[in-house]
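As the structure is a prediction and not an experimental result, all values here were calculated from the model.
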Amino acid sequence: MRVRGFETVTKYGGANINLPKRRTAQSAGYDIAAAESAVLKAGLVTKVPTGLKAYMRSDEFLGVHIRSGLSVNNALSLVNGQGIIDADYYNNPDNEGHIIIAFLNHSGTDVTIEKGERIAQGIFYKYLMADGDREQKKEARRGGFGSTG
């Protein structure tokens, strides 16, 4: 049986991507780092690649949250508040399940993110479904942002 966790996507195979780790015994989140340096322009949304994909069970999702220090010290947020990585995003045919984080820079100055800088935390969650949901026909996953319509 496959285990829950993180892998490097093919595109970043030789890019020395560190797999996320929890930093303390009681940490809920796995620290996720930037796969490339990026400049988050003032007042704009910027997508930062992580070079990662995440495998999880079918009744789980990965919640992606900005690191609090990065957010508070630089007036940054995730443009969608919290990223939700569904289990069927893993290895989808359009982008292999690459986790890309979209930041909104609320400040009046550009913010530079360096390759390897910890930018987010990933937390695995279980979820419930409405009764009768499994009987409804579903489409196959393709792609990332906005891919479910």
Sub-4.5 Å side-chain heavy-atom contact between Leu52 and Pro20
yes
Starting from the C-alpha separation in whole Å, work towards a yes-or-no answer on ring-ring contact (aromatic ring centres under 6.0 Å, His included) for Tyr55 and Tyr89.
CA-CA 9 Å; Tyr55 177 82; Tyr89 186 60; over 10 Å; no
Apply side-chain hydrogen bond (donor to acceptor under 3.5 Å, both in side chains) to Asp59 and list each qualifying residue two or more places apart in sequence or on a separate chain.
Lys126
Do Phe61 and Ile100 sit in the same hydrophobic cluster, where Ile, Leu, Val, Met, Phe, Trp and Tyr count as joined when their side-chain heavy atoms come under 4.5 Å apart?
no
Ser68 and Ser71 side chains, donor-acceptor separation under 3.5 Å
no
Decide whether Met129 and Tyr125 are clustered together by the hydrophobic rule: side chain heavy atoms of Ile, Leu, Val, Met, Phe, Trp, Tyr closer than 4.5 Å, transitively.
yes
For residues Gln121 and Val64, determine if any side-chain heavy atom of one lies less than 4.5 Å from a side-chain heavy atom of the other.
no
Please determine if Asp31 and Lys21 form a salt bridge, counting it only when a charged side-chain N lies under 4.0 Å from a carboxylate O.
no
Tightest non-hydrogen contact, residues Val48 and Ala38, listed as CG2-CB, 4.1 Å
Kindly give the heavy-atom pair with the smallest separation between Ile123 and Ala28, and that separation in Å.
CG1-O, 3.8 Å
Residue from Asn95, Asp88, Asp94 passing side-chain hydrogen bond (donor to acceptor under 3.5 Å, both in side chains) with Asn92
Asn95
In sequence, state the C-alpha distance, the side-chain angles, and the governing distance for Asn74 and Leu40, and then conclude on side-chain contact (heavy atoms from CB on, under 4.5 Å).
CA-CA 10 Å; Asn74 297 286; Leu40 311 180; over 6 Å; no
Work out which heavy atom in Ser107 is nearest to a heavy atom in Ala42; give both atom names and the distance.
O-CB, 3.4 Å
Working to the nearest 0.5 Å, report the span between CG of Asp86 and CG of Leu62.
10.0 Å
Taking the basic N atoms (NZ, or NE/NH1/NH2) and the acidic carboxylate oxygens, is any pair closer than 4.0 Å for Arg67 and Glu117?
no
Quick one: closest heavy-atom pair of Ala35 and Gly51, and the distance?
CB-N, 3.6 Å
Of the non-hydrogen atoms in Ala33 and Gly116, which two are nearest, and what is the gap between them?
CB-O, 3.5 Å
Using a strict cut-off of less than 4.0 Å between a Lys/Arg side-chain nitrogen and an Asp/Glu carboxylate oxygen, indicate whether Lys53 and Glu7 qualify as a salt bridge.
yes
Below 4.5 Å, heavy atoms only, C-beta onward: do Arg23 and Arg118 meet side chain to side chain?
yes
Short side-chain donor-acceptor distance under 3.5 Å, Tyr90 and Glu96:
no
In this structure, CD of Gln82 is separated from NE2 of His65 (nearest 0.5 Å) by 4.0 Å
Do Thr46 and Leu104 have side chains that approach each other closer than 4.5 Å (heavy atoms only, starting at C-beta)?
no
Are Met56 and Tyr127 co-members of a hydrophobic cluster defined by side-chain heavy atoms under 4.5 Å apart?
no
Distance-minimising heavy-atom pair for Arg22 and Ser27
NH1-O, 2.7 Å
Show your reasoning for whether side-chain contact (heavy atoms from CB on, under 4.5 Å) applies to Thr50 and Ile101.
CA-CA 7 Å; Thr50 67; Ile101 302 175; 3.7 Å; yes
Validation row: Asn105, Leu44 side chains within 4.5 angstrom (heavy atoms):
no
Relative to the ring of Phe124, is the ring of Tyr30 parallel (under 30°), tilted (30 to 60°) or perpendicular (over 60°)?
perpendicular
Interatomic spacing from CZ in Phe6 to CG in Asn18 - rounded to 0.5 Å:
13.0 Å
Below 4.5 Å, heavy atoms only, C-beta onward: do Ile66 and Ile119 meet side chain to side chain?
no
Are Val111 and Phe103 side-chain neighbours, meaning at least one heavy-atom pair lies under 4.5 Å?
no
Nearest 0.5 Å, what's the OG-NZ distance between Ser37 and Lys115?
8.5 Å
Do Lys11 and His98 have side-chain heavy atoms sitting under 4.5 Å apart?
no
Separation between CG (Asn16) and OG1 (Thr8), nearest 0.5 Å, reads 9.5 Å
